[in-house]
Amino acid sequence: MKFGVEAPTCLAGMMYPTPFATAQDVIRVAVEAEQLGYYDVGGNDHLSTMQFIRDAWTEPPNFFEPLIALSNIAARTSVIRLTTGIMVLPMRDPVLLAKQVASLDQLSDGRVILGVAVGGYRDEFEGVAPDLAEASRAQLAAEGIEALRVLWEDRYSSYRGKYRHFENVESYPKPVQSPLPIYSGGNVEGSFRRAGELCDGWLPAKLGPDKIRSGRAKVEAYAKAAGRDPSKIATALQSVVCLGDTKEQVRDRFERSAFDLFRRSLQTTMTKGVDLDAYFDANLIGTPDEVCAKVQAYEQAGLDHFCASLFVGNTVDELIEQMRLFARHVMPAFPSTEAAA
């Protein structure tokens with residue numbers, strides 16, 4: 001099993017208070033993650049502040065662009081993988097994104113995993129790209145993935161979709177990795193389809209082992225229908241991590257954090273019908289023994305990788321302390337030959 005950490009690139013106001021982390025804090029979390037032996041460090045993606053954050057906090061959050069942050073992290077680390085968890089693909093121009101990601105892969109000697117998804121907040125998308133407000137974000141995501149592949153693989157790249165179009169683009173250098181792994185983020189049918197048909201991995205968030213197993217079956221069915229080998233598609237999961245000595249301590253720590261604001265912000269989408277107890281069950285929340293049992297259940301369900309995990313805390317120091325506890329009490333029970341040194 002592989003384990004990762006989400007650096008606080010765009011998490012203030014969502015999982016953490018505002019403004020939360022400085023740019024140097026983002027780097028500090030990543031360097032600590034590599035030293036602790038985590039496999040990947042992630043950066044999530046927001047270009048504008050969502051309305052629920054504006055309503056909840058008086059001070060605006062600092063959102064650090066993830067590819068620039070990961071480029072800086074690449075310069076301060078040597079082996080940890082660099083994940084976008086998640087890049088909101090409908091907001092990104094594919095020609096520019098292909099150049100940015102290929103450059104990051106070159107600068108990091110081939111350490112990039114590109115997690116992409118539709119995005120959880122339509123108000124952000126419509127604010128950033130109002131001319132595309134009526135567009136299908138699922139179609140934009142699929143076209144973005146297809147376009148990236150063309151730009152990374154062809155000498156002269158052309159693509160025409162419903163929304164994305166470019167002609168005779170010569171984009172060099174190509175990524176170090178061939179193919180550079182793209183993970184389809186999301187918990188819904190479209191994310192299963194994109195993972196099976198177009199991607200190298202499936203990256204849902206906050207699902208229990210049974211849903212991982214059933215989702216994986218759907219990804220495999222789409223892959224087989226597309227003539228692809230399902231065994232080459234990784235199964236990852238972005239989970240919330242909160243450890244404590246007792247159940248009562250864990251619950252108090254979580255409820256005092258800003259994480260429940262984030263959970264409630266997605267109650268019409270990703271967490272629809274999921275109460276707090278069910279949310280705890282579907283995440284790495286509990287005592288070390290309880291969390292180890294959960295990891296084992298996920299492993300048996302076919303999970304390969306806890307990618308860009310979200311560690312609970314109201315300060316950067318609390319976040320790092322949770323990372324250390326997890327590395328001390330959970331990771332040794334699930335060694336990976338691919339983990340960072």
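We're numbering straight along the sequence, starting at 1.
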(request) Report the C-alpha distance between Leu325 and Val241 in whole Å, list the side-chain angles of each, state the deciding distance to 0.1 Å, and finish with yes or no for side chain to side chain contact (heavy atoms under 4.5 Å, CB included). (result) CA-CA 10 Å; Leu325 288 171; Val241 179; over 6 Å; no

(request) Take Arg251 and Glu255, measure what salt bridge (charged side-chain N to carboxylate O under 4.0 Å, His left out) needs, and give me the verdict at the end. (result) CA-CA 6 Å; Arg251 193 176 191 94; Glu255 291 182 339; 3.4 Å; yes

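- Using a 4.0 Å cut-off between a side-chain N of Lys or Arg and a carboxylate O of Asp or Glu, Lys224 and Glu220 do not qualify as a salt bridge.
- Hydrophobic clustering (side-chain heavy atoms under 4.5 Å, transitive across Ile, Leu, Val, Met, Phe, Trp, Tyr) groups Leu70 together with Phe3.
- A donor-acceptor pair is defined here as one N or O able to donate and one able to accept, closer than 3.5 Å; no such pair exists between the side chain of Thr18 and the backbone of Pro60.
- Other residues, nucleotides and ligands contribute at most 12 non-hydrogen atoms within 6.0 Å of the CD atom of Glu134.
- Remark: Arg324 engages Glu32 in a salt bridge, criterion side-chain N to carboxylate O under 4.0 Å.
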(message) I'd like to know whether Leu148 forms a side chain to side chain contact (heavy atoms under 4.5 Å, CB included) with Leu114, so could you lay out the CA-CA distance, the side-chain angles of the two residues, the decisive distance to 0.1 Å, and finally the verdict.
(response) CA-CA 11 Å; Leu148 289 173; Leu114 186 68; 3.7 Å; yes

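- A salt bridge is defined here as a Lys NZ or Arg NE, NH1 or NH2 lying under 4.0 Å from an Asp or Glu carboxylate O, and Arg253 with Asp245 fails to meet this definition.
- In this structure, the separation between NZ on Lys247 and CD1 on Ile285 is 13.0 Å, given to the nearest 0.5 Å.
- Here NZ of Lys294 is found 8.5 Å from CZ of Phe280. Values are rounded to the nearest 0.5 Å.
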(message) If you apply the rule side-chain hydrogen bond (donor to acceptor under 3.5 Å, both in side chains), what do you find for Asn314 with Ser257, and how did you get there?
(response) CA-CA 6 Å; Asn314 280 330; Ser257 77; 5.1 Å; no

(request) Apply the test salt bridge (charged side-chain N to carboxylate O under 4.0 Å, His left out) to residues Arg28 and Asp317: give CA-CA distance (whole Å), side-chain angles for both, the deciding distance (0.1 Å), then the verdict. (result) CA-CA 10 Å; Arg28 180 161 69 100; Asp317 286 342; 3.3 Å; yes

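- Between the OH atom of Tyr38 and the NZ atom of Lys2 there is a distance of 15.5 Å, given to the nearest 0.5 Å.
- Residues Cys307 and Asp40 meet the side-chain proximity criterion, which asks for heavy atoms closer than 4.5 Å.
- The two residues Arg92 and Pro66 make their nearest non-hydrogen contact at NH2-CD, 4.0 Å.
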(message) As a quick check of understanding, evaluate salt bridge (charged side-chain N to carboxylate O under 4.0 Å, His left out) for Glu197 and Arg149, giving each step before the final call.
(response) CA-CA 13 Å; Glu197 294 179 350; Arg149 294 296 193 202; over 6 Å; no

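- In this structure, Leu97 is not a member of the same hydrophobic cluster as Leu140, with clusters built from ILVMFWY side-chain heavy atoms closer than 4.5 Å.
- Without hydrogens or angle criteria, Gln322 side chain to Leu243 main chain gives a donor-acceptor distance under 3.5 Å.
- Considering only heavy atoms from C-beta on, Thr22 stays 4.5 Å or farther from Asn62 through its side chain.
- Judged purely by atom type and a 3.5 angstrom limit, Glu6 has no side-chain atom pairing as donor or acceptor with the backbone of Phe311.
- When only modelled atom types and interatomic distance are considered, Thr287 and Asp289 share no side-chain donor-acceptor pair under 3.5 Å.
- Asn44 and Thr9 share a side-chain donor-acceptor pair at under 3.5 Å.
- Counting only distance, with no hydrogens or angles, the side chain of Tyr163 and the backbone of Ser136 share a donor-acceptor pair below 3.5 Å.
- A pairwise comparison of heavy atoms in Val118 and Ala141 identifies CG2-CB, 4.1 Å as the closest pair.
- Put simply, the side chain of Ser48 does not reach to within 4.5 Å of the side chain of Met91, judged on heavy atoms.
- Expressed to the nearest 0.5 Å, how far CG of Leu237 lies from OH of Tyr298 amounts to 5.5 Å.
- Screening Glu146, Glu167, His165 for a side chain to side chain donor-acceptor pair (under 3.5 Å) with Tyr159, the sole residue that qualifies is Glu146.
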(message) Is there a side chain to side chain contact (heavy atoms under 4.5 Å, CB included) between Leu319 and Tyr16? Walk through the geometry before answering.
(response) CA-CA 10 Å; Leu319 182 163; Tyr16 304 113; 3.2 Å; yes

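- Minimum interatomic distance between Ala12 and Phe63 (heavy atoms only, all atoms of both residues): O-CE2, 3.5 Å.
- For Ala74 against Leu104, the heavy-atom pair with the smallest separation is CB-CD1, 4.4 Å.
- Judged purely by atom type and a 3.5 angstrom limit, Asp304 has no side-chain atom pairing as donor or acceptor with the backbone of Ala236.
- Although no hydrogens or angles enter the test, the distance criterion places a donor-acceptor pair under 3.5 Å between the side chain of Gln238 and the main chain of Ala308.
- When side chains are defined from C-beta on, Leu67 counts as touching Val101, because their heavy atoms get closer than 4.5 Å.
- Cluster membership for Phe334 and Ile212, using ILVMFWY side-chain heavy atoms within less than 4.5 angstrom, is shared.
- Electrostatic pairing of Lys162 and Glu143 does not count as a salt bridge here, judged by no charged N lying under 4.0 Å from a carboxylate O.
- A donor-acceptor pair is defined here as one N or O able to donate and one able to accept, closer than 3.5 Å; no such pair exists between the side chain of Arg216 and the backbone of Leu303.
- Contact annotation: the side chain of Phe254 never approaches that of Asn283 to less than 4.5 Å [non-hydrogen atoms, C-beta and beyond].
- In this structure, the side chains of Val176 and Arg111 stay at 4.5 Å or more apart for every pair of heavy atoms.
- Closest heavy-atom contact between Trp202 and Gly186: NE1-O, 3.0 Å.
- Both Val29 and Leu36 belong to a single network of hydrophobic side chains, linked directly or stepwise wherever heavy atoms of I, L, V, M, F, W or Y lie under 4.5 Å apart.
- The structure places OG1 of Thr49 at 10.0 Å from CG of Asp123, a figure rounded to the nearest 0.5 Å.
- Between Leu107 and Ser71, some side-chain heavy-atom pair lies under the 4.5 Å cut-off.
- A distance-only check finds no donor-acceptor pair linking the side chain of Asn187 to the backbone of Pro204 [under 3.5 Å].
- Criterion: ILVMFWY side-chain heavy atoms under 4.5 Å apart, direct or through other members. Under it, Tyr222 and Val116 are part of a common hydrophobic cluster.
- Distance alone, capped at 3.5 Å, is enough to place a donor-acceptor pair between the Ser157 side chain and the Val150 backbone.
- Between Val240 and Met15, the closest side-chain pair of non-hydrogen atoms is not below 4.5 Å.
- Put simply, CD on Gln177 and CG on Asp105 are 4.5 Å apart, with the number rounded to the nearest 0.5 Å.
- Across Leu180 and Pro175, no two heavy atoms sit closer than the pair CD1-CB, 3.7 Å.
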(request) Determine, stepwise, if the pair Trp152 / Ile182 fulfils side chain to side chain contact (heavy atoms under 4.5 Å, CB included). (result) CA-CA 12 Å; Trp152 288 336; Ile182 300 177; 3.7 Å; yes

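- Side chain of Glu34 to main chain of Val79: a donor-acceptor pair is present (N/O by atom type, distance under 3.5 Å, no hydrogens or angles).
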